[in-house]
Amino acid sequence: MPSLFEIILFVIVLGTGCTSYVLFKRLQKNERQHQALINVLRNEIQAMTNGSIGMGRRLIEVEQKLNLTADKQLELENRDPSALAYNQATRLMEMGADVDDLVKNCGLGRPEAELMALLHKELQAPHEALGSDR
């Protein structure tokens, strides 16, 4: 016949074994959940990385197109000599040049220079009116 000590020891060992088994099963379940979460996060990171790479490539394409467009615009501005004179005259007008300066520096005739000055003055009037309303 087993002694009381042996019975208590058996119950303790049995309880410890059951508790260990339950804790082991919980640990396995948590490990599976964490692994599933890691896989989900890995997939999301991969998707974001692919999106960033795609966006970077698209940005490079847009930048190249912008540079090409700017180069073509500059080429077109420089191609037509009369347009170059008018562009220069416009810049001079914006810096405050008068009709005589336009005739002297841009190779424009006096009527053309006067017309540009009048046009510049008309275009500046709405801007000045907006500035004085504030």
Side-chain angles (χ1 to χ4, degrees):
M1 177 102 177
S3 71
L4 182 61
F5 176 72
E6 291 174 341
I7 293 174
I8 292 175
L9 186 61
F10 177 74
V11 169
I12 290 173
V13 168
L14 186 64
T16 305
C18 289
T19 303
S20 296
Y21 179 76
V22 168
L23 291 176
F24 178 73
K25 287 298 183 180
R26 276 190 201 166
L27 186 61
Q28 283 182 330
K29 179 182 174 187
N30 285 341
E31 186 178 349
R32 283 191 303 270
Q33 288 174 341
H34 288 131
Q35 191 60 42
L37 183 58
I38 287 170
N39 289 337
V40 167
L41 292 174
R42 184 177 291 132
N43 291 339
E44 287 182 11
I45 289 171
Q46 183 67 37
M48 287 180 12
T49 301
N50 290 341
S52 295
I53 291 170
M55 189 63 103
R57 288 180 182 154
R58 180 73 178 128
L59 185 60
I60 289 170
E61 289 175 12
V62 169
E63 185 178 15
Q64 289 171 346
K65 287 180 183 177
L66 178 64
N67 289 338
L68 182 63
T69 303
D71 291 344
K72 285 185 178 182
Q73 180 180 2
L74 186 59
E75 180 182 317
L76 288 174
E77 286 177 355
N78 292 334
R79 184 180 295 169
D80 186 7
S82 63
L84 185 61
Y86 290 119
N87 289 338
Q88 183 181 6
T90 301
R91 285 189 204 105
L92 289 174
M93 290 297 297
E94 289 172 354
M95 294 188 314
D98 62 6
V99 173
D100 293 328
D101 292 331
L102 297 182
V103 171
K104 181 180 173 185
N105 294 318
C106 300
L108 297 177
R110 180 163 283 287
E112 290 174 308
E114 289 174 354
L115 183 61
M116 284 200 68
L118 181 63
L119 181 61
H120 181 73
K121 187 177 183 183
E122 289 294 320
L123 290 174
Q124 291 302 315
H127 294 292
E128 291 172 1
L130 288 175
S132 66
D133 289 345
R134 292 182 187 177

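Model, not experiment: these values are computed from the prediction.
- Here the straight-line distance linking atom CG of L9 with atom OG of S3 works out to 9.0 Å at 0.5 Å rounding.
- Qualifying side-chain contact (heavy atoms from CB on, under 4.5 Å) partners for N30, counting only residues two or more places apart in sequence or in other chains: Q33, H34.
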Starting from the C-alpha separation in whole Å, work towards a yes-or-no answer on side chain to side chain donor-acceptor pair (under 3.5 Å) for N67 and E63.
CA-CA 6 Å; N67 289 338; E63 185 178 15; 4.7 Å; no
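- Residues L23 and R26 are in side-chain contact: their nearest non-hydrogen atoms beyond the backbone lie under 4.5 Å apart.
- Every side-chain contact (heavy atoms from CB on, under 4.5 Å) that Q28 has, sequence neighbours left out, goes to F24, K25, R32.
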Validation: residues 98-107 side-chain donor-acceptor distances under 3.5 Å, sequence neighbours left out:
from, atom 1, to, atom 2, distance (Å)
D98, OD1, D100, N, 3.4
D98, OD1, D101, N, 3.0
D100, OD1, R110, NH2, 2.3
D101, OD2, D98, N, 3.3
N105, ND2, D101, O, 3.3

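- Using a 4.5 Å heavy-atom threshold, the side chains of L4 and I8 count as touching.
- For R58 and E61, the salt-bridge test passes: some basic side-chain N is under 4.0 Å from an acidic carboxylate O.
- With contacts defined as side-chain heavy-atom distances shorter than 4.5 Å, the pair T69/Q73 does not qualify.
- Interatomic distance, L14 CG to I7 CD1, rounded to the nearest 0.5 Å: 13.0 Å.
- Among all heavy-atom pairs drawn from M93 and A117, the shortest one is CE-CA, 3.3 Å.
- At a threshold of 4.5 Å between non-hydrogen side-chain atoms, the residues H120 and E94 count as touching.
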